[in-house]
Enquirer: 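First the structure, then my questions, so here it is.
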Amino acid sequence: ATYRLQFHEQFIFVDAARIVPYLARLGISHLYASPIQAARPGSQHGYDIVDHSLINPELGGEEGFRRLTDRLREHGLGLVLDIVPNHMGIGGSDNAWWLSVLEWGELSPHGDAFDIDWERLGANHNLIAPFLGDRYGEALAGGELRLTFDPDEGSFSVWHWEHRFPICPLSYPIVLDRALAAMADDVGSARSELMAISERLRAMDEETSAERRAAFPLECAALKERIAEAARNSPAVRQGIERALSLVNGAVGHPESFGTLHRILEAQSYRLAYWRVAASDINYRRFFDINSLAGIRIEDPDIFIRSHELIFRLVREGRDQGLRIDHIDGLANPEGYVRALQSEVGPGFYIVVEKILGPGESLRNWPIAGTTGYEALNLLDGVFVGATAAERFDQIYRGFTGLDESYSALLHLTKAELLEASFASELEVLVSDLKRLADADRRTRDYTQLAIRRALVEIIARFPVYRSYLTDAEPAPEDRILIEETVAAAKRTSSLPDRTVHDFIMTAVLGNLESEARITKPELMREFRRRFQQLTGPVMAKSLEDTLFYRYVRLLSLNEVGGHPDHFGVRLDEFHRFNLERETAWPHAMIATSTHDTKRGEDARTRLNALSEMPDAWNEALERWSQIAHPLLASDGDDVPDANDQYLLLQAILGAWPFELLGDDTYADAIAAFRERVEEFIVKALREAKR
């Protein structure tokens, strides 16, 4: 029996320790904690981890965590920790792994940690860093990129507001030579030291041996310490560096003065870019389409250990009794991951995974206790939805809004739209992989990039679940059936005259290409399959939960994480059958009624579920409210919510209406507070709908 707490800087370990006796009296068996590893400063959720080795200092650090777990032990309670193996928080200036990759590119000791496609066409072995608030040229000329010196580290970085972009030490001579020129009158040891460092870095930049270049990060760490010491001991060095920086940073209004800074940036292993180019040019895997969350290669045994050492230690010390795995479908090999995890924490350790099951999908037979309970949540909601009112509700919704597309058609259209907008970069990588595979065989080389892209979009848009689980082994029957049926469905409605390209993609996904490509490009086939499986899930989630849930709003309580808005209600016999199956297959899976990811709490969903038992009353209320709103809508011209947004907004208001406003009394403060909440919600809803 878990009780989840969301930790952030306003609610830390000491606050949780105070309520442990209360939780014990409630009958709670385990505290269920949001991520506790060091996250971005000020994070309100903890899923943007920047250092896996530390317990978040903002929450109380290791000492505060130990006090909390001691308190739990005193009252006979355990702990379930939420961990994030899929991604890390990047950007800013606080992720040492990411900063190292920016500084050294593929030479970085952390270069393998992130899922970066250095071979991406157009990237030129640079990491695309889409964090600029304006186009690169405009940001540079506007003085928004500033080269700075860190006297403690002896390092140089370019800053763009809160974002730090380290300069590779091999580029330091450009600055150091200018600093030396500014120190012309100084002939002391400090000048000689700075000159020696610059000469060594210049020689290193000309090195061609891969083995010797691999040692550069370590050697340059020592050289940076020497620069820092020289700056500490010599005012002339500090002044020379300051003068050099003022020259390099240029002057706004004089575009030619930024040439040196541009040359320095062009020499780096990253390419600074406007944030809007991310959808098409980005070459690192993201969490969904969020630029500031970068996917990590947890399938690499070294990365797995480095990112889990702290968690494993807490388990060994008896301070953690369970794990909740965030976004399991984002991993390259989910089953391999949970097997490795169980191997480290011991057989039978309580592990649940955040996994959304599609219609008719069963959880794979992995060594876990089950899911975090989205399917149970929607089942419980479904019992309170009057299934017999489905047709009537459909009539009311379509009559009010004029919507004529089916739910399934809207889902396919939304997935295709988001795939080519939010995930255009990821799509192009898959197209490039497939084109290279096609070109490797004379029988498939005539498939054009345009045809491959169109067929790939059609297949992913028709994918009925979040992902498949293919590995190098023979495909499981359920995976083979899933891929074959999805491709067949895509072919039936395809706009392409030659639909054999769909079959080519199917064989590539299943690893069954009977061509030279299978022999000459086996690694490319594996990469394509991995990227394909890591894309279908984010496309489904972004299209369904974060878009269609705000476009198709027949009954908002059905638009819930893990839910299927076209499925109106659950019969009692279905409910009991599901529970019997659950008792047999996954007796220890979580049962949730609300989570930090749900769109609404239980109370709002229950109110809206009740509407299904009174469709005529709902229809009358809609007509009445529409009449009340009409003069307000007419007075604002075109800048008003359309019928579909009105339908969403009226349900949202009804579901969240405060108890203080249910009676005859008027509470001005409650009305003002509720209006503010609704305004914030409708802005979010319209942005999510992307209409």
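Only a predicted model underlies this, so the values are computations on that prediction, with no experimental measurement involved.
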Enquirer: Taking salt bridge (charged side-chain N to carboxylate O under 4.0 Å, His left out) as the cut-off, I'd like each qualifying pair that reaches into residues 548-559, sequence neighbours left out, listed once.
Expert: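 Listed by first then second residue: Asp394-Arg554, Glu417-Arg551.
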Enquirer: Given 3.5 Å as the limit, does a donor-acceptor pair link the side chain of Ser543 with the main chain of Met540, or not?
Expert: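 Not confirmed, Ser543 side chain does not pair with Met540 backbone.
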Enquirer: If the condition is side chain to side chain donor-acceptor pair (under 3.5 Å), which residues does Ser612 pass it with, not counting sequence neighbours?
Expert: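 Partners of Ser612 by the side chain to side chain donor-acceptor pair (under 3.5 Å) criterion come out as none, since no residue qualifies.
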Enquirer: Taking the ring centre of each residue, are Tyr647 and Trp618 less than 6.0 Å apart?
Expert: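 Yes, the ring of Tyr647 comes within the 6.0 Å limit of the ring of Trp618, centre to centre.
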Enquirer: With Asp115 as reference, evaluate Arg285, Arg286, Arg297 under the side-chain hydrogen bond (donor to acceptor under 3.5 Å, both in side chains) test and give the passing residue.
Expert: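 Exactly one pass, corresponding to Arg285.
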Enquirer: With sequence neighbours left out, write down each residue that passes side chain to side chain donor-acceptor pair (under 3.5 Å) with Gln37, or none if nothing qualifies.
Expert: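 Partners of Gln37 under the side chain to side chain donor-acceptor pair (under 3.5 Å) test: none.
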Enquirer: For Phe131, give me all partners under ring-ring contact (aromatic ring centres under 6.0 Å, His included), at least two apart in sequence or on another chain.
Expert: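 Once residues adjacent in sequence are excluded, the partners of Phe131 under the ring-ring contact (aromatic ring centres under 6.0 Å, His included) criterion are His163.
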Enquirer: Restricting to ring-ring contact (aromatic ring centres under 6.0 Å, His included), what partner residues turn up for Phe13, sequence neighbours left out?
Expert: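 Phe7, Phe65.
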Enquirer: For the backbone of Arg600 and the side chain of Arg605, can you confirm whether one donor and one acceptor N or O come within less than 3.5 Å of each other?
Expert: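 Looks like yes, one N/O pair under 3.5 Å.
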Enquirer: Show me the donor-acceptor pairs within less than 3.5 Å that the side chains of residues 671-679 make with the rest of the protein, sequence neighbours left out.
Expert:
none

Enquirer: Salt-bridged, Asp472 to Arg529, with N to O below 4.0 Å?
Expert: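 Counted as a salt bridge, because a side-chain N and a carboxylate O are separated by less than 4.0 Å.
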Enquirer: With a 4.5 Å heavy-atom cut-off, do Ser108 and Leu102 have their side chains touching?
Expert: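 No, too far: nothing below the 4.5 Å cut-off.
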Enquirer: The criterion is side chain to side chain donor-acceptor pair (under 3.5 Å); which residues satisfy it with Glu58, sequence neighbours excluded?
Expert: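 Applying side chain to side chain donor-acceptor pair (under 3.5 Å) to Glu58 gives none.
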Enquirer: Could you tell me if Arg607 sits above the aromatic ring of Trp657, with its cationic atom closer than 6.0 Å to the ring centre and no more than 45 degrees from the axis?
Expert: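 Ring-cation test returns no.
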Enquirer: What class does the angle between the rings of Trp97 and His52 fall in, given that below 30° is parallel, 30 to 60° is tilted and above 60° is perpendicular?
Expert: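 Trp97 and His52: tilted rings.
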Enquirer: With sequence neighbours left out, what residues match Arg316 under salt bridge (Lys or Arg N to Asp or Glu O under 4.0 Å)?
Expert: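 Partners of Arg316 under the salt bridge (Lys or Arg N to Asp or Glu O under 4.0 Å) test: none.
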Enquirer: Going by ring-ring contact (aromatic ring centres under 6.0 Å, His included), name the residues that satisfy it together with Phe463, two or more places apart in sequence or in a different chain.
Expert: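 So Phe463 forms a ring-ring contact (aromatic ring centres under 6.0 Å, His included) with Phe532.
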Enquirer: Going by an N to O cut-off under 4.0 Å, is there a salt bridge joining Arg319 and Glu62?
Expert: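 Between Glu62 and Arg319 there is no salt bridge, as every charged N stays at least 4.0 Å from the carboxylate O atoms.
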Enquirer: Go through the structure and list residues passing ring-ring contact (aromatic ring centres under 6.0 Å, His included) with His576, not counting sequence neighbours.
Expert: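 Checked His576 against ring-ring contact (aromatic ring centres under 6.0 Å, His included); zero matches.
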Enquirer: Is it true that a side-chain atom of Lys684 and a backbone atom of Ile682 form a donor plus acceptor pair closer than 3.5 Å?
Expert: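 Such a contact is absent between Lys684 side chain and Ile682 backbone.
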Enquirer: Step through it carefully: locate the ring centre of His596, locate the ring centre of Tyr32, and say whether they are under 6.0 Å apart.
Expert: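 No, the ring of His596 stays outside the 6.0 Å limit from the ring of Tyr32, centre to centre.
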Enquirer: Are any side-chain N or O atoms of Glu162 and backbone N or O atoms of Gly92, one a donor and one an acceptor, separated by less than 3.5 Å?
Expert: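 No; zero donor-acceptor contacts below 3.5 Å.
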Enquirer: Quick one: side chain to side chain donor-acceptor pair (under 3.5 Å) partners of Asp669, sequence neighbours excluded?
Expert: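 If we apply the side chain to side chain donor-acceptor pair (under 3.5 Å) test to Asp669, skipping adjacent residues, there are no hits.
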Enquirer: Could you check Asp329, Asn333, Asp479 and say which one makes a side-chain hydrogen bond (donor to acceptor under 3.5 Å, both in side chains) with Tyr469?
Expert: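 Of Asp329, Asn333, Asp479, side-chain hydrogen bond (donor to acceptor under 3.5 Å, both in side chains) with Tyr469 is met by Asp329 alone.
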Enquirer: Are the side chain of Arg71 and the backbone of Ala17 linked by a donor-acceptor contact shorter than 3.5 Å?
Expert: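 Pair found, side chain donor or acceptor close to backbone of Ala17.
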Enquirer: Are any of the side-chain heavy atoms of Asn95 and Asp51 separated by less than 4.5 Å?
Expert: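 A side-chain contact under 4.5 Å is absent here.
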Enquirer: By the ring-ring contact (aromatic ring centres under 6.0 Å, His included) test, which pairs, at least two apart or in different chains, include something from residues 332-362?
Expert: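 Every pair satisfying ring-ring contact (aromatic ring centres under 6.0 Å, His included) with a residue in residues 332-362: Phe304-Tyr337, His308-Tyr337.
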Enquirer: State, yes or no, whether a side-chain contact exists between Arg4 and Ser34 at a heavy-atom distance under 4.5 Å.
Expert: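 Yes. Closest side-chain heavy atoms under 4.5 Å.
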Enquirer: Could you label the plane-to-plane angle of the Tyr22 and Tyr3 rings as parallel, tilted or perpendicular, counting under 30° as parallel and over 60° as perpendicular?
Expert: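 Tyr22 vs Tyr3 ring planes: perpendicular.
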